[in-house]
*Asks:* 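Take a look at the following structure, please.
Just so we're on the same page: letters track the sequence lines, and every chain starts at 1.
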Amino acid sequence: MKDLSMHILDIAQNSVRAEADHIIISLTAEGRPRILKIVISDNGRGMEPDFLEKVTDPFTTSRKSRHVGLGIPLLKQSAELAGGNFSIKSAVNEGTEVCATFPVDSVDRIPAGNIPEALTLLVASHPGITWEFRFASECEHFELNLAEVREVLKGVPITNNHVLEWIQNTLDDGFKTVFGGVLDEVN
Amino acid sequence: MKSIKELEAIRERALKEIAIRENEGKTRIVVGMATCGIAAGAKPVMNAFVEELNKRNIHNVSVAMTGCIGVCRFEPIAEVIEPNGEKTTYVKLNPEKARRIVAEHIVNGRPVIEYTIGAAQD
């Protein structure tokens with residue numbers, strides 16, 4: 001994938017397919033040398049231990065129509081090519097947590113891409129899910145919980161254009177505040 | 001940082017708009033956004049649909065993502081589903097084609113035949 005936002009969009013949809021109703025996507029810049037840690041965790045179906053063991057194999061998939069599942073292997077590859085790590089935890093009926101780390105200053109790290117946009121697309125397509133987005137760096141942190149947004153809206157759909165615009169702008173602001181000066185591609 | 005006050009104002013405005021739009025049938029645009037779609041460039045296509053609809057103030061069309069439709073070599077794919085159930089499958093899309101689909105199919109009711117899967121398979 002060309003950038004991190006595409007990986008996030010991809011993996012988050014695994015969580016949706018696993019029938020999660022609570023999905024947390026967090027990005028944290030931490031450590032010396034700085035790494036960007038991306039964690040996508042859900043309360044979905046989870047995986048059996050033997051499926052989990054093979055899940056990073058491109059020929060492992062829960063799909064019946066295909067014998068290929070590339071989302072997880074591609075993310076693992078992107079992380080490792082940049083000198084980072086990939087890990088995944090899962091338990092049946094408890095959920096799954098995917099974690100990928102990327103050394104921030106590696107020349108082999110793919111750019112972040114437009115992450116607020118990707119997150120908003122997820123909310124727009126799956127408004128019934130309680131999404132939680134968290135950005136953190138050493139000095140700043142930001143959180144947006146869709147449950148709180150829903151409370152304020154009191155029945156007005158999240159998919160209303162103006163609401164989605166507000167969500168994307170809020171995420172944009174948060175992202176720039178937290179990662180500006182931390183990730184080179186964020187001014 | 002955007003404020004909760006802004007969100008409350010949006011809520012008030014939306015309540016008024018919703019009352020007017022209750023009875024319109026919704027056309028749905030569904031964009032393939034599985035690994036194949038994303039890798040082929042479906043994200044900018046979905047954005048182009050959303051932005052063009054907003055730009056033209058069209059509120060009775062929803063845009064959503066879906067999984068792998070099964071013809072990955074034709075990604076990015078989008079299906080336009082009318083209120084009467086009629087479905088048009090567009091393939092090998094890019095943002096420019098998405099905007100043209102909004103202009104011709106959504107606004108003027110004329111599907112863009114040359115972008116459909118039928119035209120691609122010939």
Side-chain angles (χ1 to χ4, degrees), chain A residues 1-3 5-14 16-17 58 61 63 65-66 68-75 113-114 117-118 120-122 124-127 142 144 148-174 176-177, chain B residues 1-19 21-22 26 28-72 75-76 78:
Chain A
M1 297 287 193
K2 253 173 40 181
D3 63 48
S5 74
M6 294 188 180
H7 280 299
I8 292 173
L9 196 47
D10 196 10
I11 303 295
Q13 289 195 81
N14 287 351
V16 173
R17 229 172 293 127
T61 179
R63 294 199 277 186
S65 59
R66 298 271 149 139
V68 169
L70 292 172
I72 286 173
L74 284 176
L75 174 58
N114 193 335
E117 181 184 80
T120 307
L121 287 178
L122 287 169
S125 291
H126 310 290
F142 165 92
L144 181 62
E148 290 170 10
V149 173
R150 234 174 259 132
E151 250 178 62
V152 174
L153 290 175
K154 294 199 257 284
V156 168
I158 296 235
T159 47
N160 178 290
N161 306 8
H162 303 297
V163 174
L164 290 175
E165 202 183 326
W166 181 90
I167 290 175
Q168 187 162 340
N169 289 339
T170 305
L171 287 171
D172 240 334
D173 278 352
K176 290 201 175 96
T177 303
Chain B
M1 291 266 199
K2 302 290 167 184
S3 70
I4 295 292
K5 289 242 180 312
E6 284 179 351
L7 194 53
E8 286 170 351
I10 290 172
R11 175 176 184 269
E12 294 306 316
R13 214 188 328 164
L15 284 175
K16 296 197 189 98
E17 286 171 7
I18 287 172
R21 273 185 271 125
E22 274 295 304
K26 264 202 175 226
R28 289 170 53 223
I29 300 178
V30 178
V31 183
M33 198 71 75
T35 308
C36 53
I38 299 172
K43 184 165 166 280
V45 168
M46 186 162 173
N47 275 309
F49 276 122
V50 171
E51 278 168 19
E52 191 66 17
L53 291 168
N54 279 345
K55 210 168 83 178
R56 291 165 179 268
N57 256 310
I58 299 172
H59 299 294
N60 63 340
V61 179
S62 68
V63 183
M65 59 178 85
T66 184
C68 176
I69 290 169
V71 272
C72 308
E75 289 284 357

*Asks:* Could you check A/Asn160 against B/His59 for side-chain contact (heavy atoms from CB on, under 4.5 Å), going step by step and ending with a plain yes or no?
*Replies:* CA-CA 9 Å; A/Asn160 178 290; B/His59 299 294; over 6 Å; no
*Asks:* Give me the atom names and distance for the closest heavy-atom approach of A/Pro73 to A/Pro58.
*Replies:*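 For A/Pro73 versus A/Pro58, the nearest heavy atoms are CG-CA, 3.6 Å.
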*Asks:* Of the backbone (N, CA, C, O) and the side chain (C-beta and beyond), which part of A/Lys176 lies under 4.5 Å from a heavy atom of chain B, both, or neither?
*Replies:*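 Neither part, no heavy atoms under 4.5 Å.
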*Asks:* Under 4.5 Å from any heavy atom of chain B, what part of A/Ile167 do you find: side chain, backbone, both or neither?
*Replies:*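 When you check distances to chain B, no heavy atom of A/Ile167 falls under 4.5 Å.
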*Asks:* Please determine, among A/His126, A/Glu148, A/Arg63, A/Arg66, the option with the most heavy-atom pairs under 4.5 Å with chain B.
*Replies:*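 Winner by heavy-atom pair count: A/Arg66.
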*Asks:* Relative to chain B, which of A/Lys154, A/Arg17, A/Lys2 shows the most heavy atom pairs under 4.5 Å?
*Replies:*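 Looking at each option in turn, the highest pair count goes to A/Lys154.
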*Asks:* Chain B heavy atoms under 4.5 Å from A/Met6: which part of the residue, side chain, backbone, both or neither?
*Replies:*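 Backbone plus side chain of A/Met6, per the 4.5 Å heavy-atom cut-off to chain B.
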*Asks:* Of all of A/Asn114, A/Asn14, A/Leu121, which one pairs up most often with chain B through heavy atoms under 4.5 Å apart?
*Replies:*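 Most heavy-atom pairs within the cutoff with chain B belong to A/Leu121.
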*Asks:* Looking at A/Gln13 and B/Met33, would you say the former's side chain and the latter's main chain have a donor-acceptor pair under 3.5 Å?
*Replies:*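 A pair under 3.5 Å: yes.
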*Asks:* In sequence, state the C-alpha distance, the side-chain angles, and the governing distance for B/Arg56 and B/Glu52, and then conclude on salt bridge (Lys or Arg N to Asp or Glu O under 4.0 Å).
*Replies:* CA-CA 6 Å; B/Arg56 291 165 179 268; B/Glu52 191 66 17; 2.8 Å; yes
*Asks:* Chain B heavy atoms under 4.5 Å from A/Asp172: which part of the residue, side chain, backbone, both or neither?
*Replies:*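 For A/Asp172, no heavy atom lies under 4.5 Å from chain B.
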*Asks:* What part of A/His7 gets closer than 4.5 Å to chain B, counting heavy atoms only: side chain, backbone, both or neither?
*Replies:*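 For A/His7, there is no contact with chain B at all, as no heavy atom is under 4.5 Å.
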*Asks:* Answer yes or no: is there a donor N or O on one side and an acceptor on the other, between the side chain of A/Ser125 and the main chain of B/Met65, under 3.5 Å?
*Replies:*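 Yes; at least one donor-acceptor contact below 3.5 Å.
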*Asks:* Mark yes when over 12 heavy atoms from residues, nucleotides or ligands other than B/Arg28 sit less than 6.0 Å from its CZ; otherwise mark no.
*Replies:*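 No, because the 6.0 Å sphere around CZ of B/Arg28 holds 12 heavy atoms or fewer from other groups.
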*Asks:* With sequence neighbours left out, what residues match A/Ser5 under side chain to side chain donor-acceptor pair (under 3.5 Å)?
*Replies:*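 Testing A/Ser5 for side chain to side chain donor-acceptor pair (under 3.5 Å), a comparison that skips the adjacent residues, returns A/Asp3, B/Lys43.
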*Asks:* Side chain from CB out, backbone as N, CA, C, O: work out which of these in A/Val16 comes under 4.5 Å of a heavy atom of chain B, or both, or neither.
*Replies:*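 It is neither, since no heavy atom gets under 4.5 Å.
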*Asks:* Only one of A/Asn169, A/Leu164, A/Thr170 passes side-chain contact (heavy atoms from CB on, under 4.5 Å) with A/Trp166; say which it is.
*Replies:*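 One option only clears the test, and that one is A/Thr170.
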*Asks:* Is B/Leu7 close to chain A through its backbone or its side chain, or both, or neither, when contacts mean heavy atoms under 4.5 Å?
*Replies:*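 Both backbone and side chain of B/Leu7 come within 4.5 Å of chain A.
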*Asks:* Quick check on B/Ser62 against chain A: is it the side chain, the backbone, both or neither that has a heavy atom closer than 4.5 Å?
*Replies:*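 B/Ser62 has no heavy atom closer than 4.5 Å to chain A.
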